[in-house]
S.K.: 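Take a look at the following structure, please.
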Amino acid sequence: ADAKKGNIDILIGTHKLLQKGANSVEFRNIGLLIIDEEHRFGVMHKEELKRTYGAVDILSLSATPIPRTLSLSLRGLRDISVLSTPPNERFPVTTYAGPWQGGLVRKAVLNELTRGGQVYFVTNRISRMESQKNMLSASFPDAKIKIAHGQMPERELEATMIDFYDGKIDILLCTTIIESGLDVGRANTIIVDDAQELGLAQMYQLRGRVGRRNESAFAWFFYPADQDLRRETLDRLDAISSFTGLGAGYSLARRDLDIRGAGEVGGIKQHGNSKTGFHLFYRMLEREISALRGGVPEKPDITSEITGSIPNFYIPQDDVRVTLYRRVMKCEQAGSIDEAVSLGAEMADRFGPLPESARCLVDLAAVRAGSAVFGIKTLAVTRRELKAKGDFSGDSGKKLAHELKVKRGWNVIGSSMSGPGGAKGIRDLAEAMASSG
């Protein structure tokens, strides 16, 4: 009631603020909406907030932005700021990801208990907790072990967490309920069972529960030794064990974007490779603007399994990488091959020879920028082959065809072109366009 009257300046709430009906929250004149832990909100939640509150400024906060949000930021549809400076006296967390090893688990727990610390033992299956507790009790008979999960009575869960804060519990056997909001200085080892079921953001949040004081901390992510994991799962585990430096959240989110895809701009998917992604959205927008101006240009239909990226080992500064990603997108939007080539030369001059992934990113921008000029109607790039169709009867098209015919592995017959797939094919086509321009 006070919020509706305008008597409250700042209102802090949970998903309750999204509730409709008799108990819904209304504001008289809301000016700023801050969404903390943005990765916990789905697209429908965020769109509902926009519909409810109209043209209000929105600030989203997240240690690991979801792929869709990060993609929108990199492409200039949203502003982004990266805070990578850690708190004082904070050290990187030593991280391991691999198959379950009972001896390694016992050694990790013993090391923490010996130095007077506490341990999080995370398993996301409540049905397995008793067996895990029996295993830990047999290995550490003197340790105080308690269970914590969301299905416990509220007062019992509260009492357990208070005891853990006070140091009365040595090992907290829990679910991912602990992934945010906890700051227990003496807890500096976390062991995660069945890590293959978790996303990168969850693993990063769990790792953030330890190492919150000036002590070395350890995070162990295990998966069943006898289970064959999908490539995407292995990539996630490799990422969490590779990006261990302070402020690694942005790098992990960028890797998550590479692994899972950018989702949809005009839909509800927050990840995945979709035909309704950014480029389709931009073509639709451009077509509508051109229609209002009296013409509808025909834009090439370009799909590619290869995307390219700027590795953090090449350019460690997050803000510099974000700026370069935006410049790459501007080259595509402006339809300027020369700008893409110049950007690649500038990057090489400033930071050294481009790694393959960065070179592929720039080459793909040049190809997207120049396809319409050279008469390409459709272009499909897979890891095995590149295929293009169009009208190559014009001067530019003829020059492009001539440049490609002399390259190894390329065939140009009438209105069709085909060549090597992957980064090699994109590179060949970009070079041919630059020479033909």
Side-chain angles (χ1 to χ4, degrees), residues 12-16 36-37 39-41 62-64 93-97 100 102 104-213 215 217-224 240:
I12 303 171
T14 62
H15 288 70
K16 174 78 172 178
D36 194 14
E37 303 283 3
H39 58 273
R40 290 180 172 274
F41 289 79
S62 177
T64 50
V93 177
T94 302
T95 307
Y96 168 85
W100 176 268
L104 197 55
V105 171
R106 286 188 287 273
K107 184 177 178 181
V109 174
L110 183 61
N111 177 67
E112 187 61 52
L113 297 182
T114 301
R115 65 175 181 172
Q118 297 169 276
V119 177
Y120 293 105
F121 192 105
V122 180
T123 179
N124 223 22
R125 296 178 182 271
I126 297 175
S127 59
R128 294 184 54 193
M129 283 188 155
E130 284 300 329
S131 63
Q132 295 283 30
K133 184 178 181 181
N134 292 336
M135 180 271 293
L136 292 169
S137 298
S139 301
F140 308 99
D142 297 329
K144 295 182 285 293
I145 306 170
K146 283 289 186 72
I147 290 176
H149 57 78
Q151 295 182 15
M152 294 171 57
E154 185 177 335
R155 291 188 180 277
E156 182 182 349
L157 178 60
E158 182 182 11
T160 300
M161 297 311 300
I162 290 174
D163 285 345
F164 190 64
Y165 272 112
D166 294 339
K168 297 176 183 178
I169 298 173
D170 298 314
I171 304 174
L172 184 67
L173 180 58
C174 55
T175 60
T176 54
I177 192 175
I178 58 120
E179 75 178 75
S180 62
L182 293 184
D183 187 358
V184 183
R186 289 179 55 208
N188 283 300
T189 292
I190 184 167
I191 297 170
V192 182
D193 189 17
D194 284 331
Q196 78 280 1
E197 298 178 355
L198 304 178
L200 259 181
Q202 279 186 300
M203 288 191 280
Y204 183 72
Q205 291 285 346
L206 288 169
R207 187 172 67 184
R209 296 312 97 214
V210 297
R212 305 185 70 83
R213 298 292 187 274
E215 277 191 63
F218 303 88
W220 305 81
F221 295 93
F222 293 103
Y223 57 86
I240 194 66

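Note that these values count all heavy atoms, side chains included, but never hydrogens, waters or copies made by symmetry.
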S.K.: Could you go through I171 and V109, starting from their C-alpha distance and side-chain angles, then the distance that decides it, and tell me whether this counts as side-chain contact (heavy atoms from CB on, under 4.5 Å)?
M.R.: CA-CA 9 Å; I171 304 174; V109 174; 3.8 Å; yes

S.K.: Can you confirm whether more than 12 heavy atoms, excluding those of E158, are under 6.0 Å from its CD atom?
M.R.: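 Incorrect, the count does not exceed 12.
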
S.K.: Please report the closest heavy-atom contact between A217 and R115, naming both atoms and the distance.
M.R.: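 Heavy atoms only, the tightest pair is CA-NH2, 4.3 Å.
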
S.K.: Would K146 and L173 satisfy side-chain contact (heavy atoms from CB on, under 4.5 Å), going step by step from the backbone distance to the final call?
M.R.: CA-CA 6 Å; K146 283 289 186 72; L173 180 58; over 6 Å; no

S.K.: For K107, is there any backbone N or O sitting under 3.5 Å from a side-chain donor or acceptor partner on N111?
M.R.: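 Pair absent, no side-chain N/O of N111 close to backbone of K107.
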
S.K.: Within the distance-only criterion (no hydrogens, no angle test), does the side chain of N124 pair as donor or acceptor with the backbone N or O of T176 below 3.5 angstrom?
M.R.: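 Yes: the side chain of N124 pairs with the backbone of T176.
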
S.K.: Determine yes or no for a side-chain-to-main-chain donor-acceptor pair under 3.5 angstrom, with D163 supplying the side chain and K168 the backbone.
M.R.: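 Not a single qualifying donor-acceptor pair exists.
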
S.K.: Please work out whether the ring planes of F222 and W100 are parallel, tilted or perpendicular, with thresholds of 30° and 60°.
M.R.: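 It falls in the perpendicular class, over 60°.
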
S.K.: Between D194 and R128 (salt bridge meaning N to carboxylate O under 4.0 Å), is one present in this structure?
M.R.: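 Looking at R128 together with D194, the answer is yes, because their closest N to O distance falls below 4.0 Å.
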
S.K.: Between F164 and Y120, is the ring centre distance below 6.0 Å?
M.R.: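 Centroid distance F164-Y120: below 6.0 Å, so yes.
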
S.K.: Does a side-chain N-to-carboxylate-O contact under 4.0 Å join E215 and R186?
M.R.: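 No.
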
S.K.: What distance do I147 atom CD1 and L157 atom CG have between them, rounded to the nearest 0.5 Å?
M.R.: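 The CD1 atom of I147 sits 12.0 Å away from the CG atom of L157.
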
S.K.: Looking at V93 and T95, what are the two nearest heavy atoms and their distance?
M.R.: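 Looking at all heavy atoms of both residues, the closest pair is O-OG1, 3.0 Å.
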
S.K.: Write down the atom of A97, the atom of I240, and the distance for their closest heavy-atom approach.
M.R.: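 The pair with the smallest heavy-atom distance is CB-CG2, 4.4 Å.
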
S.K.: Between Q118 and I169 (side chain of the first, backbone of the second, donor and acceptor by atom type, cut-off under 3.5 Å), is there such a pair?
M.R.: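 Side chain of Q118 to backbone of I169: a pair is present.
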
S.K.: Okay, side chain of R209, backbone of E179: is any donor-acceptor separation there less than 3.5 Å?
M.R.: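 Here the side-chain-to-backbone pair exists.
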
S.K.: From the options I178, D193, I191, select the one residue that forms a side chain to side chain contact (heavy atoms under 4.5 Å, CB included) with V122.
M.R.: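 Testing each of I178, D193, I191 against V122, the sole residue satisfying side chain to side chain contact (heavy atoms under 4.5 Å, CB included) is I178.
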
